[in-house]
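Heads up: the structure comes next, in structure tokens.
Heavy-atom basis, side chains included; hydrogens, waters and symmetry copies ignored. Order of the sequence lines fixes the chain letters, A, B, ..., with proteins taken first and strands second; residue numbering starts at 1 for each chain. These numbers were taken from a predicted model, which means no experiment stands behind them.
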There are 2 protein chains.
Amino acid sequence: MMTSLKDVAKLARVSPATASRALSKPETVAFITRERVTNAAKQLSYQPNVLARGLRQRGSRTLGAIISDILNPGQATLAKGIQDAAAKRDYTVFMFNTDEDTEKERRALESLRGHLPQGLIIVPSPGARENLKLVSNLPTVELDRSSGLRDAHTIMVDNVGGAREAVQHLTALGHKRIGMIFGSMDVSTAVERLQGYREALEGAGIAYREDLVLSGNHREEGGRVAAHTLLNRPAHQRPTALFVGNNEMTIGALLAMRELELRIPSDLSIVGFDDSRWAKLMQPAITVVAQPAYELAYLACETLLNRLENGVSHQTMRPASIRLSTTFIKRDSTAPPPPT
Amino acid sequence: MMTSLKDVAKLARVSPATASRALSKPETVAFITRERVTNAAKQLSYQPNVLARGLRQRGSRTLGAIISDILNPGQATLAKGIQDAAAKRDYTVFMFNTDEDTEKERRALESLRGHLPQGLIIVPSPGARENLKLVSNLPTVELDRSSGLRDAHTIMVDNVGGAREAVQHLTALGHKRIGMIFGSMDVSTAVERLQGYREALEGAGIAYREDLVLSGNHREEGGRVAAHTLLNRPAHQRPTALFVGNNEMTIGALLAMRELELRIPSDLSIVGFDDSRWAKLMQPAITVVAQPAYELAYLACETLLNRLENGVSHQTMRPASIRLSTTFIKRDSTAPPPPT
DNA sequence: CGAGTTCCTGCAATCGATTTCAGTATCGAA
DNA sequence: TTCGATACTGAAATCGATTGCAGGAACTCG
């Protein structure tokens, strides 16, 4: 049913070769011939077969994108940014989800490989370093996190700075016992945010205490458990403020606080990482470190496409590492600590 | 340096033809030969070129999916359901976003067409009826909404029943003036939910009043404006309860109520359509009609794949229309109306 | 007018996997 | 021992678009 280039050529009374050139390299074909071909193509509503073209040209205008969890609004925003940027340059995207699962990531990469994408944008899972060997000569940009690969291009936010600013805000309010719930040690963003937390404490002359820092494993339930553990102590030992490393765990922390009947911000101040709809809808509205997720993803995709279209080899190009800065948004969930 | 089937064949000392058969139709090849081939394939970590295969077989194991807005958590859930179902059967998915824009939808379909997908799952935009002609012989399943095409397969929820149940809950509490914010008349779900609202009112012997029903155009801002208009009246004319047609508009309505300083549920009861994280996190938690979005999408994809693999022709198969039921979740945002 | 360009077009090869068709080897039965 | 059936294997065509190369026409310039 699909009309092929041969049909167009026949209708335009030229060879398939000429038809092909008329459509994709118009300047190499005489004006009048070109007209005949384009008309024929329009008349038959010809659509080139991407598979055939891709086979010959070794790769179609296709990108792979691997994100960690489409249900997380932040990641969904990344997905949208990638797609919009790709669509604008007339690329299509194969999108995969890993659910933070290294094995799923591997399968996604294998499946992707057969489609011969021109490039890859990935939010690397903890095991990405190994997995990415599967596609070692595919131009790749790492988004939001770093896999730790030596010559990778990465587009991330300034996690250290964002975390530092958040915790500085808390110390400036007079908090001394500030807890943190971070993701996990095998994800670079979590490590960096923890680093920012430590730097801010140090800057305020507050000693780092291991018992105030727990992993929440990036998920709501982990955040709830961690917060419960941190906060379920007598008032004089309990942290007076909490810094939470991502949006899902922040929800968990809020649930834990409700279970323990702690009030915000009178009993406890809280700052989250990642802004979201509900953060400003809550009462009180949650103070957060906002990330420019859409811009980040858009930029990652553009970076990749520029690299592809300039024909710069993956190998020779010096790895670029771009950091966008975060925005601190003060709302109503932070206040001076309760009087002792 | 993609390894091709020819390389595998050479290493296994067989012809490419045999190598191909050994991998895809094992029973037609002698055991010992098959072993040699599979070993060679593993050794070279051979990955078939989907483009070449797709070219020859006229179509790769690829599906198209078009959803309306990946940033809406409900739609993101649909995306995930589709992907999981497809991955389980070893299909890959081209995912597109329309942002409810008919023109974007058209471009997505055109782009998709060139990739020769085996099938399509679509959340139709208002203009889908026209756009879908572009791919008229592609097996298609409509998800969540109906385009109105005669012989379409659709997988939706029971919007009428869900809305009816929500409004019955309100009438049972004693509400008489119940407002509704619906999406728009050109989207089937919105029309059906409005229908359910009318049926529930009728069942309770309450007259339908046009001035209590406004369109919010599916978006947060539309919902806010509509709610503001409905609620900005003296207490004795103001609705005592509000039924909102989707999650985004519910957020808008909540913002409007905050602007007008109306308290939930003492001044006003509210029921939303679509459950979400924040609905149960809010204080008070919001009563909603929940949709089985993941199941819906998973089922849509399975339906499509079954149809494909049973080789049932698109034309002859009688159109299936599946409805899943919604779940009413009573939380704390509904209560009897304030005494007059 | 002839040689050298320039411009345009078509032939045929190519990408990688699948599949038809024909050919060889093996085995059982007569 | 020979014939036919069965089981495997390989050569070559095919899918649809692109592209290197060669050839013909037209045009320029001496």
Output, in order, the C-alpha distance, side-chain angles, deciding distance and verdict of side-chain contact (heavy atoms from CB on, under 4.5 Å) for B/F96 and B/S111. CA-CA 10 Å; B/F96 291 85; B/S111 161; 3.7 Å; yes
Which distance, rounded to the nearest 0.5 Å, do you find between the [atom1] of [X] and the [atom2] of [Y]?
X: B/I121; Y: B/D144; atom1: CD1; atom2: CG; value: 12.5 Å
X: A/Q47; Y: A/L5; atom1: CD; atom2: CG; value: 12.5 Å
X: A/I67; Y: A/I122; atom1: CD1; atom2: CD1; value: 11.0 Å

A/V157 backbone acceptor or donor facing A/R323 side chain under 3.5 Å: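 Yes, the answer is positive, given that a donor and an acceptor are paired below the 3.5 Å cut-off.
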Would you find a donor on one side and an acceptor on the other, under 3.5 Å apart, between the side chain of A/T98 and the backbone of A/E105?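 Side chain of A/T98 to backbone of A/E105, a donor-acceptor pair under 3.5 Å: no, none is there.
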For atom NZ of B/K10, is the number of surrounding heavy atoms from other residues, nucleotides or ligands below 6.0 Å larger than 12? no
Check whether more than 12 heavy atoms from other residues, nucleotides or ligands sit under 6.0 Å from atom CD of B/E130, and answer yes or no. no
With a 4.5 Å heavy-atom cut-off, do A/D69 and A/H218 have their side chains touching?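 Contact flag for A/D69/A/H218 side chains = no.
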Can you tell if the side chain of A/K80 reaches within under 4.5 Å of the side chain of A/Y298, non-hydrogen atoms only? no
Going by the rule ring-ring contact (aromatic ring centres under 6.0 Å, His included), which residues pair with A/H115 if we only count those two or more places apart in sequence or in a different chain? A/F94
Strand-adjacent residues in residues 37-53 of chain A, judged by heavy atoms under 4.0 Å from DNA chain C: none
Please give, in whole Å, the distance from D/dT18 P to A/K6 NZ? 14 Å
Could you state the CZ-P distance from B/R58 to D/dT14, rounded to the nearest angstrom?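 B/R58 atom CZ is separated from D/dT14 atom P by 13 Å.
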Every protein N/O within reach of nucleotides 23-26 of chain D N/O, cut-off under 3.5 Å:
none

Should the pair A/R113-A/E110 be classified as a salt bridge under the 4.0 Å nitrogen-to-oxygen rule? no
Please list, for nucleotides 7-11 of chain D, all pairs of protein and nucleotide N/O atoms separated by less than 3.5 Å.
from, atom 1, to, atom 2, distance (Å)
D/dT9, OP1, B/T33, OG1, 2.2
D/dT9, OP2, B/A30, N, 3.1
D/dG10, OP2, B/S15, N, 3.0
D/dG10, OP2, B/S15, OG, 3.4
D/dG10, OP2, B/T18, OG1, 2.9
D/dG10, N7, B/R21, NH2, 2.7
D/dG10, O6, B/R21, NH1, 3.1
D/dG10, O6, B/R21, NH2, 3.4

So, does A/Q57 get its side chain near the phosphate of D/dT19, meaning an N or O under 4.0 Å from OP1 or OP2? yes
The criterion is side-chain contact (heavy atoms from CB on, under 4.5 Å); which residues satisfy it with A/S24, sequence neighbours excluded?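 Only A/S20 meet the side-chain contact (heavy atoms from CB on, under 4.5 Å) criterion with A/S24.
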Between which nucleotides of DNA chain C, read 5' to 3', does contact with chain A run, using atoms under 4.0 Å from its heavy atoms? C/dC8 to C/dG16
